[in-house]
Amino acid sequence: MTRVLKVDSDKCIGCGTCVALCPKVFALNKDGKSEVIDQVGDSEENIQSAIDACPVGAISWDGL
Ligand code: SF4
């Protein structure tokens, strides 16, 4: 099963927490929203930490 890491840009408030935790996975785009740049850029555990740390629950795995 292929999983796709997604950020819901409608929910994202651009706080930068996910970028700080996993800078190889997430980056803020020109609109100040996080987007996934490399979903295998960090360990599952660290990505899960970013998912858990997002204050608005904008990050999720799709296709589970
Ligand atoms: Fe957006 Fe959540 Fe990342 Fe903050 S932690 S930048 S709200 S996706």
Side-chain angles (χ1 to χ4, degrees):
M1 176 74 76
T2 302
R3 298 194 305 166
V4 179
L5 188 64
K6 289 179 47 170
V7 174
D8 184 336
S9 59
D10 290 333
K11 287 186 183 172
C12 176
I13 56 172
C15 70
T17 300
C18 59
V19 180
L21 288 171
C22 298
K24 292 179 179 169
V25 177
F26 303 98
L28 293 182
N29 65 21
K30 61 177 168 41
D31 296 323
K33 307 280 187 160
S34 175
E35 58 184 43
V36 177
I37 52 172
D38 182 4
Q39 72 171 34
V40 293
D42 209 332
S43 66
E44 287 266 336
E45 290 85 352
N46 287 346
I47 291 174
Q48 188 60 48
S49 296
I51 291 172
D52 294 341
C54 176
V56 293
I59 310 167
S60 63
W61 286 104
D62 213 24
L64 285 173

Exercise for review: Grab the two heavy atoms, one from V36 and one from L5, that are nearest each other, plus how far apart they are.
Suggested key: CG2-O, 3.3 Å
Side-chain donor-acceptor pairs under 3.5 Å in residues 18-31, sequence neighbours left out?
{"unit_1": "N29", "atom_1": "OD1", "unit_2": "D31", "atom_2": "N", "d": "2.9"}
{"unit_1": "N29", "atom_1": "OD1", "unit_2": "G32", "atom_2": "N", "d": "3.2"}
{"unit_1": "N29", "atom_1": "OD1", "unit_2": "K33", "atom_2": "N", "d": "3.1"}
{"unit_1": "N29", "atom_1": "ND2", "unit_2": "E35", "atom_2": "OE1", "d": "3.0"}

Review point. Can you list the residues that meet the side chain to side chain contact (heavy atoms under 4.5 Å, CB included) rule with S43, with sequence neighbours excluded?
Key: E45, N46
Could you go through residues 6-17 and list every donor-acceptor pair under 3.5 Å that involves a side-chain atom there, pairing it with any protein atom two or more places apart or in another chain?
{"unit_1": "D8", "atom_1": "OD1", "unit_2": "D10", "atom_2": "N", "d": "2.9"}
{"unit_1": "D8", "atom_1": "OD1", "unit_2": "K11", "atom_2": "N", "d": "3.4"}

Review point. When you measure from the side chain of Q39 to the backbone N and O of I47, does any donor-acceptor pair fall under 3.5 Å?
Key: no
